[in-house]
Amino acid sequence: QVQLVESGGGLVQPGGSLRLSCAASGFTVSRAAMSWYRRAPGKERELVASIFSTGGTTNYADSVKGRFTISRDAAKNTVYLQMNSLKPEDTAVYYCKGRPAVVDYWGQGTQVTVSS
C-alpha cells in the first residue's frame, strides 16, 4: 500500500528555517518523481520543488529559488524540503506528491506558518 507521511511543519519567525520530511512506503522514492506543493489560504495550489528519478534533477518555483532545497535519502526512502530564509508569504500547507508510475500519490499535508 502506497503512503506518504509529511512531518516537520510548525511556526517559525521570518528569516528562520524548517526542514520538511516526506516518508514514503509502497514505492521507492529514488525511482519516482517526487514533488512538494503548497496551498496558501485563498490561493491556488503551487508547485514548490521537484526531484526526478533520472540523475536526481531538481527544479524550483521562482519564488523559492536560492532559499529551498529538495533532496532525498534512498536509505530512509524519504524526501526532504529544506527551507531557509523563510518569509511570511511562505505560510501554507505543504504537501508531498509521489509519482512512481502514472498515478499520483499525496500526503496529508503539514502546516508551515511564518510569523513574528
Side-chain angles (χ1 to χ4, degrees):
Q1 181 178 355
V2 173
Q3 190 174 20
L4 295 171
V5 179
E6 300 104 331
S7 61
L11 173 64
V12 63
Q13 292 186 343
S17 298
L18 282 175
R19 188 179 78 159
L20 306 184
S21 300
C22 173
S25 57
F27 71 96
T28 303
V29 298
S30 59
R31 297 177 182 175
M34 302 297 298
S35 300
W36 286 96
Y37 286 75
R38 66 187 181 187
R39 187 191 296 273
K43 295 189 176 181
E44 296 289 321
R45 185 175 62 193
E46 174 189 21
L47 174 61
V48 175
S50 296
I51 184 166
F52 300 96
S53 56
T54 305
T57 302
T58 59
N59 62 27
Y60 299 89
D62 287 343
S63 58
V64 306
K65 279 181 182 177
R67 299 189 298 123
F68 291 11
T69 303
I70 188 171
S71 63
R72 64 191 179 198
D73 184 328
K76 296 182 178 180
N77 209 35
T78 297
V79 175
Y80 302 98
L81 185 68
Q82 178 67 44
M83 306 185 295
N84 299 327
S85 302
L86 283 161
K87 305 175 181 180
E89 51 263 43
D90 295 318
T91 295
V93 178
Y94 284 72
Y95 298 90
C96 175
K97 187 188 84 172
R99 188 177 178 90
V102 296
V103 176
D104 291 337
Y105 298 94
W106 293 86
Q108 82 287 353
T110 185
Q111 175 71 46
V112 172
T113 302
V114 185
S115 175
S116 55

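Both backbone and side-chain heavy atoms feed into the values below; hydrogens, waters and symmetry mates do not. For the single chain, residues carry numbers from 1 onward in sequence order.
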Between [atom1] on residue [X] and [atom2] on residue [Y], distance to nearest 0.5 Å:
X   : Y    : atom1 : atom2 : result
Q13 : S115 : CD    : OG    : 8.5 Å
L47 : S63  : CG    : OG    : 9.5 Å
Q82 : S17  : CD    : OG    : 6.0 Å
K43 : T91  : NZ    : OG1   : 10.0 Å
S50 : R99  : OG    : CZ    : 11.0 Å
S85 : R67  : OG    : CZ    : 7.0 Å

Within the side chain of [X], is there an N or O that forms a donor-acceptor pair under 3.5 Å with the backbone of [Y]?
X    : Y   : result
N77  : F27 : yes
T110 : G9  : yes
Q108 : E6  : yes
R38  : V93 : no

*Which residue pairs pass the ring pair (Phe, Tyr, Trp, His ring centres under 6.0 Å) test with at least one member in residues 66-100, sequence neighbours excluded?*
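Qualifying pairs: none.
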*Would you say the side-chain atoms of D73 and T78 include a donor-acceptor pair closer than 3.5 Å?*
no
*Going by distance alone, is a donor N or O of one side chain under 3.5 Å from an acceptor N or O of the other, for K97 and Y37?*
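Note: K97 and Y37 side chains meet the donor-acceptor criterion.
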*Only one of T69, V112, V12 clears side-chain contact (heavy atoms from CB on, under 4.5 Å) with M83; which?*
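Checked T69, V112, V12 against M83; only one passes side-chain contact (heavy atoms from CB on, under 4.5 Å): V112.
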*State yes or no: do V103 and V29 share one hydrophobic cluster built from I, L, V, M, F, W and Y residues joined by side-chain heavy-atom distances below 4.5 Å, directly or via other members?*
yes
Show the nearest heavy-atom pair for residues [X] and [Y], with the distance to one decimal.
X   : Y   : result
A32 : R72 : O-NH1, 4.4 Å
F52 : A33 : CD2-CB, 4.0 Å
L4  : C22 : CD2-SG, 3.8 Å
S53 : S30 : CB-O, 3.4 Å
M34 : C96 : CE-SG, 3.8 Å

*With side-chain contact (heavy atoms from CB on, under 4.5 Å) as the test, would you mind laying out the steps for L86 and L18 before giving the verdict?*
CA-CA 8 Å; L86 283 161; L18 282 175; 4.2 Å; yes
_I'd like to check V79 versus I70 (side-chain heavy atoms, cut-off strictly below 4.5 Å). Are they in contact?_
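Counting from C-beta outward, V79 and I70 do come under 4.5 Å.
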*Going by heavy atoms in the side chains, are P88 and P14 under 4.5 Å from each other?*
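The answer is yes, as the side chains (C-beta and beyond) meet within the 4.5 Å cut-off.
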*asked:* Would K87 and D90 count as a salt bridge (charged side-chain N to carboxylate O under 4.0 Å, His left out) here? Give the steps.
replied: CA-CA 5 Å; K87 305 175 181 180; D90 295 318; over 6 Å; no
